[in-house]
Novice: 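Questions regarding the structure given below will be posed in turn.
Just so we're clear, the structure is a prediction, and the values are computed from it rather than from any experiment. Side chains included, hydrogens not; waters and symmetry mates left out as well; all remaining heavy atoms used.
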Amino acid sequence: MKPFVSQIVRSATSIGANYCKADDAETPRDFRHKIALRRKEAPETKHGRRMLARACPNQKEPIRALWKEADELNRIFSAIFRKTNPASA
């Protein structure tokens, strides 16, 4: 279980840490690229939390709240990406 929990922690914390990198991007293209990477990490985090809830049913409600947070972040990053991506305009 330790490797699984460790992976969840890494994916969850990388979303925020890497958003800081996007915020410091040097060009709009670099920003879009980094936001696209964040979009890919949020679903991984959601999946990990879903599996954790199955493995620890007694913690289902707190994990569900964390899953919702990851879902919100995914929606936010997707909206940012769509607004900054010339191909989607």
Side-chain angles (χ1 to χ4, degrees):
M1 180 73 98
K2 274 187 174 182
F4 178 67
V5 172
S6 178
Q7 174 59 30
I8 291 171
V9 170
R10 281 194 311 274
S11 72
T13 57
S14 72
I15 294 172
N18 288 318
Y19 180 74
C20 292
K21 290 180 185 178
D23 196 38
D24 291 336
E26 295 179 12
T27 66
R29 183 177 175 168
D30 186 33
F31 178 81
R32 284 190 303 274
H33 172 72
K34 289 176 178 168
I35 287 296
L37 294 175
R38 302 313 65 81
R39 271 179 55 208
K40 292 178 183 179
E41 291 169 352
E44 177 185 348
T45 301
K46 287 170 40 180
H47 174 72
R49 290 173 179 175
R50 193 169 38 251
M51 295 299 101
L52 187 59
R54 287 186 181 215
C56 305
N58 61 329
Q59 296 295 314
K60 189 174 185 174
E61 287 309 310
I63 294 168
R64 182 176 174 81
L66 294 172
W67 181 92
K68 285 182 178 182
E69 181 180 350
D71 185 55
E72 289 172 14
L73 288 169
N74 189 47
R75 292 172 189 265
I76 290 167
F77 293 135
S78 292
I80 292 170
F81 183 77
R82 282 191 306 272
K83 288 182 179 184
T84 62
N85 189 354
S88 67

Novice: Partners of Ser78 by side chain to side chain contact (heavy atoms under 4.5 Å, CB included), sequence neighbours excluded?
Specialist: Arg39, Asn74, Arg82
Novice: Going by the rule side chain to side chain contact (heavy atoms under 4.5 Å, CB included), which residues pair with Gln59 if we only count those two or more places apart in sequence or in a different chain?
Specialist: Cys56, Pro62, Ile63
Novice: Could you note down all residue pairs passing salt bridge (Lys or Arg N to Asp or Glu O under 4.0 Å) where residues 19-33 supplies at least one of them, sequence neighbours left out?
Specialist: Asp30-Lys34
Novice: What distance separates Ile80 CD1 from Tyr19 OH, expressed to the nearest 0.5 Å?
Specialist: 4.5 Å
Novice: Quick one: side chain to side chain donor-acceptor pair (under 3.5 Å) partners of Asp71, sequence neighbours excluded?
Specialist: Lys46, Arg75
Novice: Apply side chain to side chain donor-acceptor pair (under 3.5 Å) to Lys68 and list each qualifying residue two or more places apart in sequence or on a separate chain.
Specialist: none
Novice: Within this structure, what is the CG-CZ distance for the pair Leu37 and Phe77, rounded to the nearest 0.5 Å?
Specialist: 11.0 Å
Novice: May I have all residue pairs that pass ring pair (Phe, Tyr, Trp, His ring centres under 6.0 Å) and include part of residues 25-57, sequence neighbours excluded?
Specialist: none
Novice: For the side chain of Arg49 and the backbone of Arg64, is there at least one donor-acceptor N/O pair under 3.5 Å apart?
Specialist: no
Novice: Please, which pairs that meet ring pair (Phe, Tyr, Trp, His ring centres under 6.0 Å) have at least one residue in residues 51-74, sequence neighbours excluded?
Specialist: none
